[in-house]
Amino acid sequence: MRQKEELERVTLLGNSKVKYPTDYAPEMLETFDNKHQDHDYFVKFNCPEFTSLCPMTGQPDFATIYISYVPDVRMVESKSLKLYLFSFRNHGDFHEDCVNIIMKDLIHLMDPKYIEVWGKFTPRGGISIDPYTNYGRPGTMWEKVAFDRLTMHDMYPEKVDNR
């Protein structure tokens, strides 16, 4: 696809009139072509200001969301991802649901070779919850990578001194 046609698909980047969604909005997500399909590489996003709502109390939950993926043909555009993640601000779901919804939406959007989403939520009631989920495309080496990373992902946890 030509670069001009590709840029026409990216409507949020540079658009100062974008309206922030008030609830869960997967339709905000946009993609562009991976120009380096000749080799595999990771793309990592860190969202340190993620907010969702507890579905039971309506109280806000805060987290850093880490998204890492190995693209195939399509890649997620970062401003659309920011707006999408922002759309969880008024969305009520448990921590585990949020990270799985994010991963499934991104799989549906871009069909990556591999993806993982890790939410590191700040404590409420004296406990923090850090759900991790991943996916490797079935029938490829990435399926084994997903299994290995899932079973070993927290074997050497980092020191947490900011919560």
Side-chain angles (χ1 to χ4, degrees), residues 21 24-57 59-163:
Y24 171 67
E27 67 276 5
M28 298 298 297
L29 291 167
E30 296 182 343
T31 63
F32 61 93
D33 291 335
N34 175 9
K35 295 179 183 172
H36 305 282
Q37 295 175 39
D38 58 327
H39 66 281
D40 292 337
Y41 60 98
F42 270 94
V43 177
K44 184 173 185 178
F45 293 101
N46 301 317
C47 179
E49 299 175 349
F50 180 83
T51 307
S52 62
L53 297 178
C54 173
M56 301 302 287
T57 66
Q59 294 294 311
D61 290 317
F62 303 94
T64 298
I65 300 291
Y66 298 95
I67 300 167
S68 296
Y69 73 98
V70 176
D72 190 4
V73 176
R74 313 293 302 146
M75 300 178 72
V76 65
E77 191 279 316
S78 61
K79 184 171 183 181
S80 75
L81 180 63
K82 176 183 83 166
L83 293 170
Y84 164 74
L85 293 173
F86 180 87
S87 79
F88 280 82
R89 184 179 201 101
N90 294 317
H91 180 75
D93 244 330
F94 292 114
H95 305 339
E96 299 85 352
D97 296 322
C98 289
V99 299
N100 278 284
I101 289 167
I102 291 166
M103 185 186 75
K104 288 176 181 179
D105 285 345
L106 291 172
I107 291 169
H108 178 75
L109 177 75
M110 57 181 175
D111 190 25
K113 295 177 182 182
Y114 174 83
I115 188 168
E116 60 189 28
V117 179
W118 196 346
K120 296 192 177 188
F121 286 80
T122 57
R124 282 205 311 117
I127 190 168
S128 63
I129 301 172
D130 296 343
Y132 171 90
T133 187
N134 73 3
Y135 160 88
R137 188 179 290 158
T140 70
M141 70 175 194
W142 294 106
E143 185 174 29
K144 182 174 180 345
V145 170
F147 175 79
D148 291 346
R149 286 179 74 100
L150 180 65
T151 58
M152 304 295 277
H153 92 276
D154 210 14
M155 293 297 291
Y156 304 100
E158 75 282 2
K159 180 180 176 196
V160 177
D161 58 6
N162 64 341
R163 304 193 247 181

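Remember, it's a predicted structure, so these values are computed and weren't measured experimentally.
Within the 4.5 Å cutoff, no side-chain heavy atoms of V70 are placed close to those of P112. For the pair T140 and V145, the minimum side-chain heavy-atom distance is 4.5 Å or more. At least one side-chain heavy atom of M110 sits under 4.5 Å from a side-chain heavy atom of Y69. A 4.5 Å side-chain heavy-atom check between V99 and Y132 finds every atom pair outside the cut-off. Looking only at side-chain heavy atoms (C-beta outward), L85 and E49 stay at 4.5 Å or farther from each other. A 4.5 Å side-chain heavy-atom check between C54 and R124 finds at least one atom pair inside the cut-off. F94 places none of its side-chain heavy atoms less than 4.5 Å from the side chain of P131.
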One pair to check against side-chain contact (heavy atoms from CB on, under 4.5 Å): E96 and I129. What are the steps and the verdict? CA-CA 8 Å; E96 299 85 352; I129 301 172; 3.7 Å; yes

Just do the side-chain contact (heavy atoms from CB on, under 4.5 Å) check on L53 and D61 with the steps written out, would you? CA-CA 6 Å; L53 297 178; D61 290 317; over 6 Å; no

For V73 and Q37, run side-chain contact (heavy atoms from CB on, under 4.5 Å): C-alpha distance rounded to whole Å, both residues' side-chain angles, the deciding distance at 0.1 Å, then the answer. CA-CA 7 Å; V73 176; Q37 295 175 39; 3.7 Å; yes

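Contact detail for P123 and G126: the closest heavy-atom pair is CB-C, 4.4 Å.
Summarising the geometry, atom CG belonging to D105 is positioned 8.0 Å from atom NE2 belonging to H108; distances are rounded to the nearest 0.5 Å. To the nearest 0.5 angstrom, H95 atom NE2 is 14.0 Å from K120 atom NZ. Atom-to-atom distance recorded for I67:CD1 and W118:CH2 is 14.0 Å, nearest 0.5 angstrom. The distance from the CD1 atom of I107 to the CD1 atom of I102 is 12.0 Å, given to the nearest 0.5 Å. Atom-to-atom distance recorded for K144:NZ and D148:CG is 3.5 Å, nearest 0.5 angstrom. Atom OG1 of residue T31 and atom CD of residue E77 lie 9.5 Å apart, to the nearest 0.5 angstrom.
A search for side-chain hydrogen bond (donor to acceptor under 3.5 Å, both in side chains) contacts involving S87 returns nothing, not counting sequence neighbours. Taking the ring-ring contact (aromatic ring centres under 6.0 Å, His included) definition, one finds that F88 meets it with Y24, F50, Y84, H91, sequence neighbours left out. Applying the ring-ring contact (aromatic ring centres under 6.0 Å, His included) rule to Y66 yields no partners; only residues at least two apart in sequence or on another chain are considered. A search for side-chain contact (heavy atoms from CB on, under 4.5 Å) contacts involving F62 returns T51, P60, T122, not counting sequence neighbours. Remark: R149 pairs with Y114, E116 by the side-chain hydrogen bond (donor to acceptor under 3.5 Å, both in side chains) rule, at least two apart or across chains.
For N134 (side chain) and A146 (main-chain N/O), a donor-acceptor pair under 3.5 Å exists by modelled atom type.
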Identify all side-chain donor-acceptor contacts of residues 39-46 below 3.5 Å with residues at least two apart in sequence or on another chain.
{"from": "D40", "atom 1": "OD1", "to": "K113", "atom 2": "NZ", "distance (Å)": "2.5"}
{"from": "Y41", "atom 1": "OH", "to": "N34", "atom 2": "OD1", "distance (Å)": "2.7"}

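Counting heavy atoms of neighbouring residues, nucleotides and ligands inside a 6.0 Å radius, atom CZ of R89 does not exceed 12 of them.
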